[in-house]
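Here's the structure, in structure tokens; my notes come after.
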Amino acid sequence: MSDVEKFIRHEKLRDGEMIKIRALRPGDELDMLAALEETSAQSLQRRFFVTKRHFSERERAFFMEPDFRNHVALVACTEGQGRNMIIGGGRYVMFEPGRAETAFVVIDAWQGRGIGGLLTRHLIAIAREARLTELTAEVLSENAAMLRVLGKFGFESVHSSEAGVDMALKLTQYAAGT
């Protein structure tokens, strides 16, 4: 088991609520599916570029089985209704050595409270430790909130040739430690 697979941090949101950011675990699938049910069609559209509520077995395996080397996945959790609830998640997947694409989703009831920023900060730290040199994220132009979050971390918005998609880039800043 790698150190990233044991990753866990307790964080305070802007409103004072405490959450846990931790590595995705194999037993989280039902909680992940429950989180999708709490996520609006618009939020799913912003994450997957289509309104996606159901996944093939292959897609489920991909999302639920990160190797924590080339594919790192974190979840944000809170206690609610007498159980641990997943309220958001972020991941990166390497597409070539040193470069990875990242993506995030936060269920609607928890948006605007700083979860996206916390997930971004922790994924960047893990990427630095793994000596990645670039993270990218495809973000719809209409998703101003996510563009703001990524902008706070030094991502630059570069308009893509795909209609309505901005590509946010984090360029070779990890080696310099910024």
Side chain proximity check, Asn84 to Cys77, heavy atoms < 4.5 angstrom
yes

Any donor-acceptor pair under 3.5 Å linking the side chain of Thr133 with the backbone of Gly98?
yes

Within a strict 4.5 Å, meaning less than it, do heavy atoms of the Ile21 and Val75 side chains meet?
no

With a 4.5 Å limit on heavy-atom distance, are the side chains of Phe155 and Ile124 in contact?
yes

Gap separating the CZ atom of Phe153 from the CG atom of Leu135, nearest 0.5 angstrom:
11.5 Å

Any donor and acceptor pair, going by atom type alone, linking the side chain of Glu101 with main-chain N or O of Thr136 inside 3.5 Å?
no

Student check: side-chain heavy atoms of Arg91 and Phe104 closer than 4.5 Å
no

Gap between atom CD1 of Ile86 and atom CG of Leu24 - 0.5 Å precision:
6.5 Å

Would you say Trp110 and Thr78 make side-chain contact, with heavy atoms under 4.5 Å?
yes

With a 4.5 Å heavy-atom cut-off, do Met18 and His10 have their side chains touching?
yes

Could you grab the distance from atom CG of Asp67 to atom CD of Glu5, nearest 0.5 Å is fine?
8.5 Å

Looking only at the aromatic ring of each residue, does the gap between the centers of Phe7 and His122 stay below 6.0 angstrom?
yes

Heavy-atom pair with the smallest gap, counting every atom of Gly114 and Leu13
C-CD2, 4.5 Å

Contact between Asp31 and Met85 at the side-chain level, heavy atoms closer than 4.5 Å - yes or no?
no

Closer than 4.0 angstrom, basic N to acidic O: yes or no for Glu17 and Arg113?
yes

Starting at CD1 of Ile87, measure out to CD1 of Ile19 and round the result to the nearest 0.5 Å.
5.0 Å

Ignoring hydrogens and angles, tell me if any N or O in the side chain of Arg121 forms a donor-acceptor pair with the backbone of Gly116 under 3.5 Å.
no

For the pair Asp28 and Arg22, find out whether any cationic side-chain nitrogen is under 4.0 Å from an anionic carboxylate oxygen.
yes

Specify the closest pair of heavy atoms between Tyr92 and Ala100, including all atoms of both residues, with the distance to one decimal.
CD1-CB, 3.6 Å

Do you know which two heavy atoms are closest between Leu123 and Gly90, and how far apart they sit?
CD1-C, 3.6 Å

Interatomic distance, Arg14 atom CZ to Leu118 atom CG [nearest 0.5 angstrom]:
8.5 Å

Identify the two heavy atoms, one from Pro26 and one from Met64, that lie closest to each other, and give their separation to 0.1 Å.
O-CE, 4.2 Å

